[in-house]
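One structure is given below, encoded as structure tokens.
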Amino acid sequence: MSETQTTVDSVLTLLRAEPLGEGQLEQLALEAGLLPTAELVYLVESRPATEAALLFRVLDKGTALAVFEALPADHQAGLISGLRAPQVAEIIDDLDPDDRASLFDELPASVAERLMRGLDAGQRAMTTVVLGYPRDSIGRYMSPEMLTLRPSATVREALEHVRSHADEPETIYMLPVVDGTRRLLGVVGLRRLLVSDEEQLVGDLAHEAVHALATDGREEAARRFLGAKLLAMPVLDREGRLVGIVTIDDAVDIIEQENAEDSARTGGSEPLPRAYLSTPILRIVRSRIVWLLILAVSAILTVQVLEIFEDRLHQVVVLALFIPLLTGTGGNTGNQAATTVTRALATGEVRVRDLPRVVWRELRVGATLGAVLGSLGLVIAGLVYGWPIGLVMGATLLSVCMMAAMVGGLMPLVAKRVGADPAVFSNPFISTFCDATGLIIYFTIATAVLGL
């Protein structure tokens, strides 16, 4: 057993002991101090609320802040209730304005208001600015704490300014250049300043910046940021004035959250707001039950289709043997197309206006896949059950693959067009739709070929 795991086991043993004496609290603080931040975050996330709060209280200030910042906002809010008021005030005061705003979103209004009043005027003003933007906008993730430079300053003056204020902003590697009304003129990197002549003007070194409006959607802005391979990105208001910056850690967090949501919804559930082991059972049930009910109701379509064609099944019982194969093939083909297009939408490779091109492309992909699978179905089913059945299987697999690929590629774009999450229209919905439609195609072809 590793030394870290031994220490984790010791911490867990102390946490479970109730009540803890003074000596045991000191031992818990000592053991916890030996653990890396990642292990402490895992323990706080995975233990019951009382144990998590106890562990958090024995951490030193720096470690406690690092652990707190690594937790999801919902978990931060739950932890707050188990901490003493002075410790809460210290943590809130040390948070960046964007992290503080995310936490306040999860707290009861009265608690958030009380904590807001405890901030100094400057921190309160910056937090209020961030809270003023919609929750899904990039403005909620920007930091108003930043260093700016004037175009008329020399490199020497700019470096002196950076040195004297280096501890204040979230980053100093990207420095916005603004005029007297805070309109963004460009940006200059710290490295560029360090290697330039001291008498050169900052305005001559600045270059055009990739930027976002504070009201832009967070995912779109974050993907544009990461695609440009930046360390920080200026955020502007509608008049072009600089209001904050987004750093790379914020952009990565946004994309991780969006990917987690897409992954959960693709699998037919809602994303959990906190770590799995610390999420109440009923909360997990709620995240899954809605989708299960929707899918159960929509599956009635499949039952209705089978009922309509029940007489055909009685005439040629062998047709029933291929139903699982056809529904599985249709669902998988549709899901593959949906996953590919949803990903392309997220990365900006495809836009809603590309809908005709996407549909035509997926129709050809589906036809190619269907031709391969249909040929195999024709030969295998024909040799075993007779060539008429083989022909039914071959034609159905070709048709089902074409239909499923086209629907799978179409639905994410439709969802995007109406303002819904493309992942919501992904695997569960498409599987059910393709099942019912595939059976209609199957029995229609069987009726025509077999003369039922």
In sequence, state the C-alpha distance, the side-chain angles, and the governing distance for Glu256 and Val252, and then conclude on side-chain contact (heavy atoms from CB on, under 4.5 Å).
CA-CA 6 Å; Glu256 286 180 349; Val252 169; 3.7 Å; yes

Going through the distances and angles, do Thr181 and Glu239 end up as a side-chain contact (heavy atoms from CB on, under 4.5 Å)?
CA-CA 10 Å; Thr181 62; Glu239 283 74 41; over 6 Å; no

So Leu149 and Leu193, side-chain contact (heavy atoms from CB on, under 4.5 Å) or not? Walk me through it.
CA-CA 11 Å; Leu149 301 176; Leu193 290 178; 4.0 Å; yes

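Note: His211 NE2 to Leu184 CG = 7.5 Å, rounded to the nearest 0.5 Å. For the atom pair CD (Glu157) and CZ (Arg150), the distance works out to 12.0 Å, reported to the nearest 0.5 Å. Note that the CG atom of Leu450 and the CD1 atom of Ile389 stand 5.0 Å from one another [nearest 0.5 Å]. Put simply, OG1 on Thr128 and CE on Met116 are 4.0 Å apart, with the number rounded to the nearest 0.5 Å. Taking CD1 of Ile248 as the start and CG of Leu226 as the end, the distance is 6.0 Å to the nearest 0.5 Å. Taken to the nearest 0.5 Å, the CZ atom of Arg182 stands 5.5 Å off from the OG1 atom of Thr148.
Judged purely by distance below 3.5 Å, without hydrogens or angles, the side chains of Asp250 and Thr247 pair a donor atom with an acceptor atom.
The ring of Tyr385 has its center closer than 6.0 angstrom to the ring center of Phe322.
For Arg364, the CZ atom counts as densely surrounded, since its 6.0 Å shell holds more than 12 non-hydrogen atoms of other residues, nucleotides or ligands. Other residues, nucleotides and ligands contribute at most 12 non-hydrogen atoms within 6.0 Å of the CH2 atom of Trp360. Heavy-atom neighbours of Ile281 CD1 from other residues, nucleotides or ligands within 6.0 Å: at or below the threshold of 12. Heavy-atom neighbours of Arg183 CZ from other residues, nucleotides or ligands within 6.0 Å: above the threshold of 12.
Residues Leu201 and Pro151 fail the side-chain proximity criterion, which asks for heavy atoms closer than 4.5 Å. For the pair Ile254 and Ile138, the minimum side-chain heavy-atom distance is below 4.5 Å. Taking 4.5 Å as the limit, some side-chain heavy atom of Arg224 sits within range of a side-chain heavy atom of Glu220. Between Phe433 and Met411, the closest side-chain pair of non-hydrogen atoms is not below 4.5 Å. Using a 4.5 Å cut-off on side-chain heavy atoms (C-beta onward), Leu65 and Leu95 make contact. A 4.5 Å side-chain heavy-atom check between Thr333 and Met403 finds every atom pair outside the cut-off. Glu170 places none of its side-chain heavy atoms less than 4.5 Å from the side chain of Met146. The shortest side-chain heavy-atom distance between Val352 and Lys416 falls under the 4.5 Å cut-off.
Proximity of a side-chain donor or acceptor of Gln76 to a complementary backbone N or O of Phe68 within less than 3.5 Å is detected. Proximity of a side-chain donor or acceptor of Asp354 to a complementary backbone N or O of Val358 within less than 3.5 Å is not detected. A donor-acceptor pair under 3.5 Å is formed between the side chain of Arg192 and the backbone N or O of Leu205. Side-chain atoms of Arg238 never come within 3.5 Å of backbone atoms of Leu213 as a donor-acceptor pair (strictly under, hydrogens ignored). Not one N or O on the side chain of Tyr442 forms a donor-acceptor pair closer than 3.5 Å with the backbone of Thr327.
For Phe104, there are no ring pair (Phe, Tyr, Trp, His ring centres under 6.0 Å) partners two or more places apart in sequence or in a different chain.
Under a 4.0 Å N-O distance rule, the pair Arg241/Asp237 qualifies as a salt bridge.
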